[in-house]
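Note sheet for the following structure.
Chain A is the first sequence line, chain B the second, and so forth, proteins listed ahead of strands; every chain is numbered from 1.
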Amino acid sequence: MTEETASTPTNFILDAVAEDLRTARFKHVRTRFPPEPNGYLHIGHAKAICIDFGIAQAYGGDTNLRFDDTNPVKEDTEYVDAIQEDIRWLGFDWAGEPLYASDYFEQLYQYALQLIRAGKAYVCDLSPDEVRQYRGTLTEPGRNSPFRDRSIEENLDLFQRMRAGEFPDGARTLRAKIDMASGNLNLRDPVMYRILHAEHHRTGNAWCIYPMYDFAHGQSDSIEGITHSLCDLAYEDHRPLYDWFIENLGIFHTRQMEFARLNVNYTILSKRFLRQLVDQGYVLGWDDPRMPTLRGMRRRGYTPAAIRAFIDQVGVSKKESLVDIGLLEHAVREDLNQRAPRVMAVLEPVKLVLINYPEGQVEYLEAVNNPEDESAGTRQVPFSRELYIEAEDFREQPPPKYFRLAPGSEVRLRWGYIIKCVDFVKDADGRVTEIHATYDPATRGGYAPDGRKVKGTIHWVSARHALAAEVRLYDRLFRVENPNRIEEGGSFMDHLNPQSLTVLANCMVEPSLADAAHEAHYQFERKGFFSVDSDSKPGALVFNRTVTLRDTWAKIEDKHKQGG
RNA sequence: UGGGGGCUCGUCCAAUGGUAGGACAGUAGACUCUGGAUCUAUUGAUAGGGGUUCGAAUCCUCUGCCCCCAGCCA
């Protein structure tokens with residue numbers, strides 16, 4: 001029926017893969033997602049995941065999960081479990097068991113031997129500092145290492161002794177013999193192996209030499225029969241080297257293609273910076289709901305479907321961009337609007353007394369659970385003489401176009417009655433502490449039998465039935481659009497938003513929330529989408545605000561304030 | 001004064017020599033028991049100059065601007 005079946009927009013990688021299939025460069029598609037297990041996954045990885053898995057899915061291929069664990073000093077098993085959990089949560093699954101670059105250490109070693117025998121690699125005794133000096137600069141060519149022309153026999157001997165542990169860290173390296181004058185620095189005899197007497201999270205102390213990324217990644221792709229190795233633009237300069245190793249080794253030729261990484265405004269997606277936020281206590285952990293980590297977003301209430309939709313909208317290109325976080329917010333709202341049950345919760349309560357409502361009386365009113373989903377049904381909400389309503393839903397002096405409660409004005413209590421404000425009480429500081437109103441018994445359920453128009457509808461909760469709850473409101477972590485841009489001598493920390501977390505400790509929510517499960521999503525009517533925090537317990541409920549609802553009234557009010 | 005990339009509405013992505021289109025944001029209106037949702041309409045862009053062509057965002061050329069690379073990190 002729907003002729004315009006949301007034709008998934010194409011992109012240059014999809015096109016290239018289709019072309020490769022058409023020209024029979026490859027007969028099938030196999031991709032890989034290669035995280036380094038040295039941190040938690042974030043929304044930027046979600047883009048890579050969606051691309052890596054998505055491209056394969058699009059052509060009926062599969063995707064390997066391969067941990068890029070070639071640097072034992074930075075990696076840890078703590079992360080390999082978390083990464084797998086996050087990928088699954090996002091909604092993807094890999095072919096077979098998770099793989100590890102470290103599984104190929106022996107094979108990689110043999111490849112190195114092969115290049116040495118071919119006269120294409122040599123053991124170099126230069127110190128790290130000397131290597132830097134010999135490398136030259138961006139505009140000046142480098143110089144050949146004095147060890148460049150060692151005999152094959154000597155190289156073989158030395159490299160085997162490197163493996164045997166005869167030399168201390170940093171004493172020697174194995175280097176590819178390419179071109180010290182290349183304009184591409186990656187081709188100036190890049191280091192293939194370094195000596196590192198460190199325990200590896202999987203291979204333990206079996207090795208004291210470890211391959212560099214450049215000597216591990218391409219071959220790992222090749223070994224696994226990866227057809228398309230999709231990565232960050234940062235590796236564009238590495239592609240000639242990637243190809244060089246594959247060609248000189250004469251092994252299966254994976255095709256590497258690069259796309260622009262994701263950047264989102266008002267946030268930061270550098271593992272190093274995220275780690276600082278955690279280590280220095282600016283956030284409560286990797287799963288702090290303000291963090292752009294998958295775990296943080298999950299706790300905040302973002303859904304996998306929303307994140308995937310967001311990534312789809314962002315698209316794939318080679319242009320470095322800064323995506324508006326509004327797009328992400330739109331994606332969650334759209335998803336949660338369909339699935340989140342509606343519920344009434346008063347975040348900043350003020351008491352409302354219906355002076356003509358019988359004392360002690362309780363009645364149960366029927367409320368629709370989700371107007372977007374009839375199958376969600378209805379529930380009974382207790383109603384009584386004393387209620388809580390939102391403090392901001394009453395104004396002693398209402399501004400123009402204010403539809404809510406004010407002295408003498410009428411408003412509808414959602415699913416309840418139409419009421420009229422007759423009085424209010426203020427404390428010594430001038431704060432409204434109690435509002436008095438009369439209710440119209442003829443309007444039960446919120447309907448006006450006389451057809452009278454009541455513009456405003458507000459949410460409420462019965463005082464004696466309400467459950468106390470803590471609600472955590474989040475705002476962007478940074479005050480500036482691009483916290484990655486740092487002034488001289490400054491730090492991205494300078495741009496932190498000190499108001500990124502607001503805890504509301506005295507909220508009142510309707511009793512149906514008593515057994516709300518962790519991670520359950522709700523819409524608090526008129527306030528936003530919320531999810532149950534992992535700190536939440538029966539009797540001590542805690543909710544996180546995922547995102548507010550669109551608020552056109554706030555916009556109108558802002559305009560009035562500015563316009564005067 | 002090296003090498004590699006990139007410049008299309010405010011933002012992100014399309015248009016693959018043939019009407020510059022979509023999404024988000026914005027604006028205006030309709031509807032509404034959520035100032036939500038929904039619906040309708042609407043503003044708004046090819047970095048600049050030259051060239052090829054009946055026709056250029058697309059091809060050529062010159063210029064400008066932006067990003068990445070000098071780890072024994074990935």
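Between A/F530 and A/V471, the closest side-chain pair of non-hydrogen atoms falls below 4.5 Å. You'll find the side chain of A/L241 reaches within 4.5 Å of the side chain of A/I178, heavy atoms only. Counting only heavy atoms from C-beta outward, the side chains of A/T254 and A/Y242 approach each other to under 4.5 Å.
Here the side chain of A/K319 is nearest to one of B/U8, B/C69, B/C67, namely B/U8. Each of B/C69, B/C13, B/A70 was ranked by its minimum atom distance to the side chain of A/R132; first place goes to B/A70. Distances were taken from every side-chain heavy atom of A/E236 (C-beta onward) to each of B/C67, B/G5, B/A74; the shortest belongs to B/G5. Across B/G2, B/C72, B/U16, the shortest atom-to-atom separation from the side chain of A/V131 is found for B/C72. The side chain of A/L138 lies closest to B/C69 when the candidates are B/A74, B/C69, B/U34. Among B/A74, B/G36, B/C69, the nucleotide with an atom closest to any side-chain atom of A/M212 is B/A74. The side chain of A/R342 has B/U34 as its nearest neighbour among B/C69, B/G35, B/U34. Side-chain atoms of A/V191 lie closest to B/C72 of the nucleotides B/C72, B/G4, B/G6.
Mapped onto RNA chain B by nearest heavy atom, A/N71 and A/G446 fall at different nucleotides, with A/G446 at the one closer to the 5' end. Residue-to-nucleotide proximity on RNA chain B shows that, of A/R526 and A/E140, the 5′-proximal contact is made by A/E140.
A/Y447 comes within 4.0 angstrom of a base, heavy atoms only. Note on A/Y134: nothing from the nucleic acid sits closer than 4.0 angstrom, heavy atoms only. Counting any heavy atom pair closer than 4.0 Å across all strands shown, A/K527 reaches no nucleic acid atom. Across all strands, A/I311 comes closer than 4.0 Å to no nucleic acid atom at all (heavy-atom distances). The residue A/P371 sits close to a base: some heavy atom pair falls under 4.0 Å. Using a 4.0 Å heavy-atom criterion, one finds that A/H238 contacts the bases of the nucleic acid, with or without backbone contacts as well. Using a 4.0 Å heavy-atom cutoff across all strands shown, A/Y193 reaches no nucleic acid atom at all. Using a 4.0 Å heavy-atom distance criterion, A/L322 is classed as a sugar-phosphate-only contact.
A/F167 carries A/R172 over the face of its six-membered ring, with the cationic atom under 6.0 Å from the centre and within 45° of the normal. Geometric assessment of A/R414 against the ring of A/W460 yields a negative cation-pi assignment under the 6.0 Å and 45° thresholds. Judged by the 6.0 Å and 45° rule, A/R143 forms a cation-pi pair with A/Y134.
Judged by atom type and distance alone, A/Q523 reaches the base of B/U34 through a side-chain donor-acceptor pair under 3.5 Å. With hydrogens and angles ignored, no donor-acceptor pair closer than 3.5 Å exists between the side chain of A/N184 and the base of B/G4.
The side chain of A/S321 places no N or O atom within less than 4.0 Å of a non-bridging phosphate oxygen (OP1 or OP2) of B/U11. For A/R272, no side-chain nitrogen or oxygen approaches OP1 or OP2 of B/A74 to under 4.0 Å. Between A/T137 and the phosphate of B/A70, there is no side-chain N or O to OP1/OP2 separation shorter than 4.0 Å. Note on A/R135: every side-chain N or O is 4.0 Å or more away from OP1 and OP2 of B/C69. The side chain of A/T70 places an N or O atom within less than 4.0 Å of a non-bridging phosphate oxygen (OP1 or OP2) of B/A74. In this structure, A/R194 reaches the B/A74 phosphate: one of its side-chain N or O atoms is under 4.0 Å from OP1 or OP2.
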Just by protein heavy atoms under 4.0 Å, how would nucleotides 21-29 of chain B read 5' to 3' in B, S and -? --SS-SS--
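Between the side chain of A/E410 and the backbone N or O of A/K420 there is no donor-acceptor pair closer than 3.5 Å.
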In sequence, state the C-alpha distance, the side-chain angles, and the governing distance for A/Y210 and A/F105, and then conclude on ring pair (Phe, Tyr, Trp, His ring centres under 6.0 Å). CA-CA 8 Å; A/Y210 291 92; A/F105 280 173; 5.7 Å; yes
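Base orientation for B/G71: syn, the chi torsion being within 90° of 0.
Among the duplex regions that RNA chain B forms, those built from at least three successive Watson-Crick or G-U pairs under 3.5 Å are B:2-7 with B:64-69, B:10-13 with B:21-24, B:26-30 with B:38-42, B:47-51 with B:59-63, ordered by first number.
Using a 4.0 Å cut-off between charged side-chain N and carboxylate O, A/E557 and A/R395 make a salt bridge.
With sequence neighbours excluded, no residue satisfies ring-ring contact (aromatic ring centres under 6.0 Å, His included) with A/F259.
With C1' as the reference atom, B/U8 and B/C66 are 16 Å apart, rounded to whole Å.
Across A/R333 and A/R550, no two heavy atoms sit closer than the pair NE-N, 3.9 Å.
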